[in-house]
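In the text below, chain A, chain B and the rest are named by the order of the sequence lines, each starting its count at 1. Worth knowing before you read on, the calculation uses all heavy atoms, side chains too, and leaves out hydrogens, waters and symmetry mates.
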There are 2 protein chains.
Amino acid sequence: MSVLKKIEAKLEVMAPGDREIGRYIVDNPDQMLRLSTAALAAEIGRSQSSVVKFSQKLGYSSYQELKLAVSEAKSQEWHVPAGMIHGSIEVDDSYLVILRKLIGSKLLSMQQTVAANTEQEIGKALEALNGACRIHLAGVGASSLVARDFSYKLMKLGRNVLHDSDSHVQMANVSTLGRGDVLFALSYSGASIETLRIAELARKRGTTVIAVTGLRDNPLSRVADIRLHTIADEERARSSSITARDAQLTLTDLLFILLVQKQPDANEYVHNSELAVSVLKA
Amino acid sequence: MSVLKKIEAKLEVMAPGDREIGRYIVDNPDQMLRLSTAALAAEIGRSQSSVVKFSQKLGYSSYQELKLAVSEAKSQEWHVPAGMIHGSIEVDDSYLVILRKLIGSKLLSMQQTVAANTEQEIGKALEALNGACRIHLAGVGASSLVARDFSYKLMKLGRNVLHDSDSHVQMANVSTLGRGDVLFALSYSGASIETLRIAELARKRGTTVIAVTGLRDNPLSRVADIRLHTIADEERARSSSITARDAQLTLTDLLFILLVQKQPDANEYVHNSELAVSVLKA
DNA sequence: CAAGCCAAGGAATAAATTATTCCGTCTCTG
DNA sequence: CAGAGACGGAATAATTTATTCCTTGGCTTG
């Protein structure tokens, strides 16, 4: 988690003086990077030592360390490379402009999606997936395709995976799950009735529920044990969920890669599966 | 241009002392960020003042400014996905490194894919899709998911689309196609037997064949009337086709957006389809 | 309600880091 | 071979950072 977010979160419980310092840093990270402790203190009308102490309270050994962390955090704000315009696509956009907007918005949703999930929450999801006896993937419509993609990958790792695009079959499958199993439910809106009901049933049966939804509060997320988030264009009319799907894929890809990294014999599994398929190539 | 690149470029024309300093910074930007001028000087056996002078010669007002620039450069490193960024993921990579590699390689394959297709060839594909009586989508494995995703989108535009994940069904469907129809065939290797046979049959029946394959020469591409290309990591053992799929999706997304742009009533169609689905939301 | 405790935060000061000045050395050039 | 000038280190000045110490005011407790 970035320092800026951390500071922002702690703002509430800080002493008034520290709060002022924290707020200034969160609001003006750029300026802060160029200010000395004394200058920063003067800027907000506090003493120089308070600034040093503030750094230390946050767990940094020096003010310079804090600066380094802020600089790092700022860069993680994943700004879209110059020239990549993000915005809706217009009727009279040229081919080149469309390319840029398309890639720009795809990149943006990927970046924001990885930034929206803490390493901790991802870690909890990994743990659940790793320890699961069976993994059921739920999702309808476009989310079903992502679920299937993820299921293919998990199968390549030798995991016990269930997914069917038919929500009745999904529901029937979930009714066989129990403690020790995991339900991985995808829905950008978090409001798809079928997926929601499936998650509720799983929850009732003691199955760990991982929900992958958009950021805003939604029923699916509320039901879940572990909440992961995807971020996409709100304006979906023209993009028709392109970025929502990209965000979901980014998240499942990330989980897959982390699983591979943790599983010593993963490469062997993947290699074997590719070898097996290769006999079907001309 | 990043400071590190700038330093590296100037290395040649620098005085020996400055060259040593510059080399150290280029080689160890991370350490440099945590060293004082004196410590850095000691590290390479030079005087503290040389380090300050070095910063000034580069045009920075202070050593701190140089540090800031290095920190900035380091973070932007991944925007220029040269070398390690799209390298394979290693067992001891940190979470952050994995994020960067993942997004870096995704971005790279998207950019290269749009660059690999001329506007002209894309135009021909659009024309074929627009004029098609029926559109059949072929693909197996991961490509089948992309085909299905594309088919959902085309259906939202009211097009006449056929796709089934079972290749026997695909083949049977193709046997009903003729002149005026289009086969859209996806295969990164261009060598999947089923897809290839399907394309051959379509060709024989006078159906226009659009092939989406990797760049290298391949049987599927040779059969096609219109050749589109996707670019992905060659090293796929660990990524398990993540980038190949992303490249295919980028291409189909692009086609979809261009179709929407050209079809006056597209938004209405898309809107209606979303409205229809919304009754299934909680 | 008073004594005592403690957190908050600033002033003063010590320590460190950074910037500048100055000077010797070496090289190139006329 | 003298002079100009680049190079770079030592010394020192200036600035910045870290620590110590002290006051204040709120809160607890007897």
Side-chain angles (χ1 to χ4, degrees), chain A residues 3 6-74, chain B residues 3 6-74:
Chain A
V3 214
K6 206 166 80 183
I7 293 176
E8 203 163 9
K10 281 193 182 177
L11 233 44
E12 304 293 324
V13 298
M14 282 179 177
D18 285 348
R19 181 152 43 216
E20 274 188 75
I21 299 173
R23 173 139 305 288
Y24 184 87
I25 294 176
V26 170
D27 291 344
N28 319 294
D30 279 303
Q31 283 91 313
M32 175 271 187
L33 286 176
R34 292 157 202 284
L35 292 173
S36 69
T37 51
L40 174 55
E43 199 70 26
I44 53 183
R46 295 262 152 187
S47 74
Q48 177 261 335
S49 58
S50 324
V51 177
V52 175
K53 286 169 188 167
F54 177 84
S55 314
Q56 295 170 335
K57 280 180 202 160
L58 278 174
Y60 297 98
S61 65
S62 73
Y63 178 62
Q64 293 301 334
E65 287 276 327
L66 173 62
K67 270 192 176 180
L68 241 40
V70 169
S71 170
E72 171 94 352
K74 222 173 51 67
Chain B
V3 214
K6 207 166 79 181
I7 293 176
E8 202 163 10
K10 281 193 182 175
L11 232 46
E12 303 295 323
V13 298
M14 282 178 176
D18 285 348
R19 183 151 40 218
E20 274 188 76
I21 298 173
R23 174 138 304 288
Y24 184 87
I25 294 177
V26 171
D27 291 344
N28 318 293
D30 279 304
Q31 283 91 314
M32 176 271 188
L33 286 176
R34 316 187 169 265
L35 291 172
S36 68
T37 52
L40 173 54
E43 199 70 25
I44 54 185
R46 295 266 152 182
S47 74
Q48 177 260 336
S49 57
S50 326
V51 176
V52 175
K53 287 171 188 166
F54 177 85
S55 314
Q56 294 171 336
K57 280 180 203 162
L58 278 174
Y60 296 97
S61 66
S62 73
Y63 177 63
Q64 294 299 335
E65 287 277 328
L66 174 61
K67 271 192 175 180
L68 240 41
V70 169
S71 169
E72 173 92 351
K74 223 172 52 67

So, does A/T37 get its side chain near the phosphate of D/dT17, meaning an N or O under 4.0 Å from OP1 or OP2?
yes
Between atom CG in A/D18 and atom P in C/dA7, what is the gap in whole Å?
14 Å
Taken to the nearest whole Å, CZ/B/F54 to C1'/D/dA6 is 17 Å
Among D/dT16, C/dC22, D/dT20, which nucleotide has an atom closest to any side-chain atom of B/K53?
C/dC22
On a heavy-atom basis, which atom in B/S50 and which in B/D18 lie closest, and how many Å separate them?
O-OD1, 4.4 Å
Would you check, one step at a time, whether the test side-chain contact (heavy atoms from CB on, under 4.5 Å) holds for A/Y24 with A/Q31?
CA-CA 9 Å; A/Y24 184 87; A/Q31 283 91 313; 3.7 Å; yes
Once you round it to whole Å, what is the distance between P of D/dT19 and OH of A/Y63?
16 Å
For B/S49, answer base if it contacts any base atom (sugar-phosphate contacts may also be present), sugar-phosphate if it contacts only those atoms, and nothing otherwise; contact means non-hydrogen atoms under 4.0 Å.
base
According to a strict under-4.0 Å criterion, is B/Q64 in side-chain N/O contact with OP1 or OP2 of C/dT18?
yes
Is the side chain of A/K67 donor-acceptor paired with the backbone N or O of A/L35 at a distance under 3.5 Å, no angle test?
yes
A/S47 side chain: which of C/dA19, D/dT17, C/dA11 is closest?
C/dA11
Heavy atoms of B/P29 and B/V70 approach each other most closely as CB-CG1, 3.9 Å
So, does B/S50 get its side chain near the phosphate of D/dG9, meaning an N or O under 4.0 Å from OP1 or OP2?
yes
Nearest whole Å is fine: how far is D/dA18 C1' from A/K57 NZ?
14 Å
What is the distance from CG of B/L40 to C1' of C/dT18, rounded to the nearest Å?
13 Å
Minimum-distance nucleotide (side-chain atoms of B/Q56 versus C/dA19, C/dA11, D/dT19)
C/dA19
Rounded to the nearest 0.5 Å, how far apart are CD of B/Q56 and OG of B/S49?
10.0 Å
Per nearest nucleotide of DNA chain D, the residue lying toward the 5' end, B/G45 or A/L35, is B/G45
Using whole Å, report how far CG of A/L68 lies from C1' of C/dT17.
16 Å
Distance check needed: D/dT16 P versus A/L66 CG, whole Å only.
17 Å
Would you say a side-chain N or O of A/Q48 is under 4.0 Å from OP1 or OP2 of C/dG9?
no
Nearest-Å distance for atom pair CD1/P, residues A/I21 and D/dT17:
13 Å
